Every structure is written in structure tokens, then in C-alpha cells.
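Notes follow once the structure below has been shown.
We name chains A, B, ... by the order of the sequence lines, and we start the count at 1 in each one. As a basis for the values below, the full set of heavy atoms in this structure was taken, side chains included, without hydrogen atoms, waters or symmetry mates. The structure displayed is predicted, hence computed values, not measured ones.
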Amino acid sequence: MKSHLLQLLLPVAQSIHPEILANSIQMDRPKSIEHGDFSTNLAMMLAKPMKKNPRELASLIIEKLPKSPFIEKVEIAGAGFINFYLSEKARTFIIHEILKNPLTYGQNTSGHDDKGHPQKVQIEFVSANPTGPLHVGHGRGAAIGDSLARILKFNGWDVTREFYYNDTGAQIDNLTKSVHARCHHIDPSDPAFPEDGYRGEYIVDIANAFLNKSVITCEGKTIHASGNIDDLASIRAFSVAYLRQEQDQDLNAFHIQFDVFTLESSFYQHGYIEKVVNQLIKNGFTYEEDNALWLKTTDFGDDKNRVMKKSDGSYTYFIPDITYHLNKWERGFKRVINEQGSDHHSTITRVRAGLQALKVGIPDTYPEYVLHQMITVMKGGEEVKLSKRAGTYVTLRDLIDEVGCDATRYFLVARKSDSQLVFDIDLAKTQNSDNPVYYIQYAHARIEGVLKQWGGKLDALQDIDLKGLDSTQELILIKRLNEFPEMVLHASLELAPHTIANYLKDCAADLHSYYNDTKFLVANEHEKLQHLSLIKATQIVLKNGLNLLGVNAPDKM
RNA sequence: GCCCUCGUAGCUCAGUGGAUAGAGCAUCCCCCUCCUAAGGGGAGGGUCACAGGUUCAACUCCUGUCGAGGGCGCCA
């Protein structure tokens, strides 16, 4: 509909001002229905270069504008806005589009290449180290990352969801020492407990499982605990497998599936790391100092150079990071998005600098990043900081168990990722309109209730014309539904899942308002089918939108 | 000290350079003989942190100040 209007407008604009470019014409959505369905600022844009009054230009443009069956009227308003009001024919067309394409309405092919094939994009998210249960921050990353994956797929991308974890390095040493200590019944109050050890109760569970010679199956591999209290190699392997399995269970409970898990250790095993290091040395971006090997990341915009090989001969985390991203590139991902907590912000410059230093043609904006800010969990008006199991932080599992998967996902994705977020457990548990998740889901279920009551076949709604369906509520609702595809595209371009959440809340509000104002199942058969086709279309949009957030659309509540 | 993000109603937050800055909660008033009241309608509530600048037009872009959070490890 929007492109239809632009096609009408472009030749007119060019006849008035030949230099104007097609993509410089703005076609906006007015906030208020009083300003029509679409609005352009074209006259105001042209006013200055042509030195003419914008309202005069606007009336000239309207005069030249060809007639279209989809346009009811065109008006000049304010400083020189040109407002378009869609016709009943256009509204009927919009609803038919939705009803004919219930599964695909809102989709587009912006992710396709020139030949019309979906392009590959990889989204890396969560990527928690296997040193403890997932916390709320991981949950936010999981909700945002998975929603982004769904949105990009809806926009025509070929999406791979990937989880990277460090199964080696200093933190895993700490984990091993912590479990070892607990095997010996040394608890964190004991001076003998490792200084940087993990203090949560879950370490005790792992120690007990280890001593009981438990068997863990994770990612297709089976790990047997030796049960030998000082077998550090076995403790290490078992603890990592145990926590990976636990994180998997949390992710399953959160309805998130990854396509690929990548282990940091895999890069050490195939000499990949050395290859990268040698390439960096060969390219002349390294130097030795204090017995360590440094990478000149300042050549690529970093504020200081970084150690890549420590004085003890091992690598810092950032060499495997560079290696991993080279690996992504070599696997054919020309586009990669990393969803991380904002505390990892400093790695952006570093990883990009490392990739540039390799000189293999990777763009300097690779990879892209979506960072999320911290979360405060509130309950009973007070901040919740601890979980029984993890000790020092609130786990994702705590939230899912307490408020459910749908509410958790919605709340964690409903805010702009670069804003800090307050997660109100009491609100998320509420089962009324205070709680946006229930409010939206209820709108969907309510529609189903009416359709059930009606009991007819949906086919009967396919070709109903909407003549006479023009109450304020109806116009607002149709306008909202028509905005869905643009909103989906916007969410994908901005990597902003929260815009979907906001849209759904607004759409549900329009529906509830309409519902309250209108008796749908009236005696007049045609009028009844008109009502039903509109609310069925609304139901489809709500369902498709909820699906982009990974939230269920129940038929009954 | 340097870098990044944020600052919008009492609270939680939206707001692609455009029209009278919007929701929800909280407060107050009203609406079910009717498809789910798990709902709806209305009222009050704002110096968009502050000060400059760019623009026909700034909550939005630029600069500075103040405030909050995060980062500035041979931790990830």
C-alpha cells in the first residue's frame, strides 16, 4: 500500500522538481487517525530549494496526483503535510491479504540476495561459560537473540543460531578447583577454599554427582565421572558436562534451540590458533614486551594494545575470540550478529581490530553487535539479588519457575536492549490487563472465543467486502494491521525486537476497544461476516507477532 | 581520568528530524439482562536532566555540563 502511494507520488514530484530521488521521498504513518493513513512531507522538503510556500506546493502536488481506487481523499494539513486517506477498497484489500496468507502475512524478502535466495546470517547469543547456571542476564540475551533470529528469518534471512562456550582457560580451572574443594567438604567459609572459586550451592551438587560416579550425556557425548576424589582431569570434564547439561535444560525450558555449539577448545585441537597467531605476526602487527606477545590493536582504533600470548606461554581469551570469528567468516557467514551483555563492550574494538590485522578481506564492521544492559529483578517492592542455588545471582530458572516461560520471554524482550531493565516479578505474575503478556494473549483467545461461538467455516470470511465497516475503532484497527509488515521490516533493520512487543500491546488494545464497543454476532449475515473477517485478520497478526517473540498465542485462557 | 550506553508523567517505559510528546501502573470517576469485566470509557498528572548550536521544523542530530550504569586485567 505504501509503495503504491510512492509510485503515484514519484512522477508528480519529479515533474515539479526533476532532481528529486525516489528514495528521498518520505511516506510516514501519522500517529493520529485524524491525519489519515499515510502522510508525506514532500511539499515541505521542496519548499526550500524551490523557494515556494509549502502549502502552495502541496496543493500543486495534489492537483497533479493521479486518481487511485485505493485513495479516498488527500488533504493538506499543518505546515504543509499531505495526508492520504485510504478508501474502503484499500481496507478490503488489506484484510483479504491477511486472510489469504495467515502464515506469511508480514513477511518480506529483504534478506534475499540479487538472485532471490536467502542470505546466511549467524546470530551468536547466550554463550555462557559452563561455570554455573544461566542467570537473568543470559535470559535477556536468550530472549533477544532468539527473537532476532525469528525476526530475521521472517525477513527472508537464512539464520543460524549459535552458542559459543569456553571449556578451557582460567575460569574452568576455578570451576575444577571449586568442585574439588567441595569433594573434600571444604566450603567457602574455609580459608582453604579457592580464592576465586565458585561459591554457589550447585557446586556441592556437582561434587556429589562426581563422587557417585554419575554419567552425563550432553551434545551427543557421554561423560563418566571417575569418582576418584583427586582426579582433576575427570572433575574438570565432568563439571563442564554437568553444567552444560543444566544450561541446556534451562534453554529447553525457555523454548530456545541452538543450531550449533562451538567449543573454544576445538580451536586449540586443530592448530587453528597457531595459524591465526602466525598470520598476525607475519602481517607485522605484533611485538614482544615483558615476556608477552602483544597485538597492536591501536592500529585499528583501540585505545591501548592488548596481550595475546601471556608470559606463561598460554593465550588470553581474545586470540580464540579472533580465531572464532575468522572461523565464522570461513564458514561462509558474510553477516554475523553477536548478542552480548554490555559488560563485553570492550571486546568489540579488539575483535574487529584482530580481524583487520589478519588482512583477509573481512569488513571492519564485522561482526555486528547487539548489547543489552543490566537487569534489576524486583519482588514485593524490593530488589532480589540472590538465588538459593547460584548464591550470588538470580537464575533464569528462578524466573521461568516463578512467572512462566511466556511472561519471562516477553518481559525480557519488551525493552530497548541498550536500556537497563527492571523485571517486576509481581507484575509478570499478574493475570489481568496490568500484565501486557496476558493482555495480548487474551486478545487472541477472545477472538477465538467469538469464532467458536459463531461456528462457521473460515472460508466464508475470505471474500467479504468491508463496505460500511468504517467506525473509528474499525478504521484504527485496520490501520494497525496494515502497519504490521512495515513494523516487521523496521524491527529487522534496527535489530530491535522490543518494537514488536510494543506493537502487539497497541494492537491488542485496539482489539479490546473494538470488542467492547461492538456486538460482532449480529443478525445481519453480511455485517456479521464483516466483523468476523476483521477480527480473524487481527488474530492472525497477533499470532504472527507473538511468534516473533517466541510467545504462545493460546486459543483459550 | 578516558571510552560506551542511558536520563521523557509519582513509578515502569514507548517515541523512524515533523502536526496538540504517548502507553501501562498508581490516583479519581464511569460501564456487564449482551460473544471471556483476564475487558472498556473518561479525568488529573510533562521545563522530554541542563545550556548552547544546526534546521523551514529538534525528545530525536552536534558540542558542553550534571546525574546513573557498564567498561578501561597477561579474567571471559
Proximity to the side chain of A:Lys505 - top-ranked nucleotide from B:C35, B:A38, B:G24: B:G24
Phosphate contact (B:G15 OP1 or OP2) by A:His498 side-chain N/O below 4.0 Å: yes
Touch class at under 4.0 angstrom, heavy-atom based, for A:Ala445 against every strand present: base
A:Leu521 side chain, from C-beta outward: closest of B:C75, B:C35, B:G40: B:C35
Nearest-angstrom distance from the residue atom CG of A:Asp37 to P of B:A19: 18 Å
Sugar-phosphate only, base, or nothing, as touched by A:Gln453 at under 4.0 Å among non-hydrogen atoms: sugar-phosphate
Rounded distance in Å - CG (A:Leu293) to C1' (B:C74): 12 Å
Heavy atoms from other residues, nucleotides or ligands near CD of A:Glu195 exceed 12 (cutoff 6.0 Å): no
Minimum-distance nucleotide (side-chain atoms of A:Met45 versus B:C72, B:A19, B:G18): B:G18
Interatomic distance where CG belongs to A:Asp343 and P belongs to B:G73 [whole Å]: 15 Å
Pairing of A:Asp173 and A:Arg236 as salt bridge, 4.0 angstrom limit: yes
Euclidean distance, atom CG of residue A:Leu371 to atom P of B:G69 [Å, nearest integer]: 19 Å
Plane angle bin for A:Tyr272 and A:Phe267 - parallel if under 30°, tilted between 30 and 60°, otherwise perpendicular: perpendicular
Base of B:C6 paired with side chain of A:Ser419 (donor-acceptor, under 3.5 Å): no
Sugar-phosphate, base or nothing in reach of A:Thr518, heavy atoms under 4.0 Å: base
Phosphate OP1/OP2 of B:C72 contacted by A:Arg350 side-chain N/O (<4.0 Å): no
Syn/anti state of B:C13 by chi, 90° boundary around 0: anti
Candidates B:A19, B:C75, B:A38 - which lies nearest the side chain of A:Ser39: B:A19
Nucleotide nearest A:Lys31 (side chain, heavy atoms from C-beta), chosen from B:G73, B:C74, B:A19: B:A19
Nucleotide nearest A:Arg306 when distance is taken to its side chain, options B:G73, B:G18, B:A38: B:G73
Under-3.5 Å donor-acceptor pair between A:Asp28 side chain and B:A19 base: no
Sugar-phosphate only, base, or nothing, as touched by A:Asp434 at under 4.0 Å among non-hydrogen atoms: sugar-phosphate
Sugar-phosphate, base or nothing in reach of A:Met557, heavy atoms under 4.0 Å: base
Sugar-phosphate, base or nothing in reach of A:Lys309, heavy atoms under 4.0 Å: nothing
A:Glu264 CD - B:C75 C1' separation (whole Å): 12 Å
Candidates B:G73, B:G40, B:A38 - which lies nearest the side chain of A:Tyr439: B:G40
Gap between atoms CG and P, on A:Asp426 and B:U12 respectively (whole Å): 15 Å
Per A:Tyr515 side chain, nearest of listed nucleotides B:G73, B:C6, B:A37: B:A37
Nearest-angstrom distance from the residue atom OH of A:Tyr369 to P of B:G71: 17 Å
For atom CD of A:Glu483 and atom P of B:U16, their distance in whole Å: 13 Å
B:C34 - base-pair partner by Watson-Crick or wobble geometry, distances under 3.5 Å: none
